[in-house]
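Worksheet: the structure to be examined is printed underneath.
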Amino acid sequence: MTSNPSGQGFQNKNRVAILAELDKEKRRLMQNQCLNNPGASIPLSRPALNKDFRDHAEQQHIAAQQKAALQHAHAHSSGFFITQDSSFGNLILPVLPRLEPE
C-alpha cells in the first residue's frame with residue numbers, strides 16, 4: 001500500500017477552500033443582518049430606566065422596613081431609636097442620651 005501525498009494535498013486545499021467560502025458566507029450574512037436591522041446593534045437606553053426604577057423601588061422597600069422596625073422598637077422597648085444608614089446593614093440604630101455630669 002502506497003500513500004498518495006498529492007491526494008492528501010488536494011483534500012487539504014479543498015478543505016481550506018470550503019472553510020474560506022463558509023467564512024465569506026458567514027460575514028456576508030452578518031452584514032446583511034446588520035443592514036436589515038440597523039437598530040439591533042445599538043443598545044437601547046431602556047435598561048438604565050429599568051435600573052432607576054428598580055433602585056427607587058428598593059429605596060421605598062428599605063424605607064418601609066425601617067419604618068416598621070422603628071415602630072416595633074418603640075412599641076417593645078423603652079429606649080430611643082433612629083433610622084440611619086449603617087455600615088453593618090442595620091435598619092435602625094439605638095440612641096443613648098448624653099447625661100450631664102452632676
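Values below: all heavy atoms of this structure, side chains included; hydrogens, waters and symmetry mates excluded. The shown structure was predicted, so the numbers you read here are calculated from the model rather than taken from an experiment.
Expressed to the nearest 0.5 Å, how far CD1 of I92 lies from CD of Q84 amounts to 12.0 Å. In this structure, the separation between CG on N90 and CD on Q66 is 10.5 Å, given to the nearest 0.5 Å. Expressed to the nearest 0.5 Å, how far CD1 of I18 lies from CG of D23 amounts to 13.5 Å. Atom-to-atom distance recorded for L19:CG and N14:CG is 10.0 Å, nearest 0.5 angstrom. For the atom pair CD of Q71 and NE2 of H74, the computed distance is 9.5 Å after rounding to the nearest 0.5 Å.
A distance-only check finds no donor-acceptor pair linking the side chain of H72 to the backbone of A68 [under 3.5 Å].
Following chains of ILVMFWY side-chain contacts shorter than 4.5 Å, one cannot reach L93 starting from F81, and the two form parts of different hydrophobic clusters.
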Full working for salt bridge (Lys or Arg N to Asp or Glu O under 4.0 Å) between E25 and R28: CA-CA 5 Å; E25 183 71 18; R28 187 184 62 79; 2.4 Å; yes

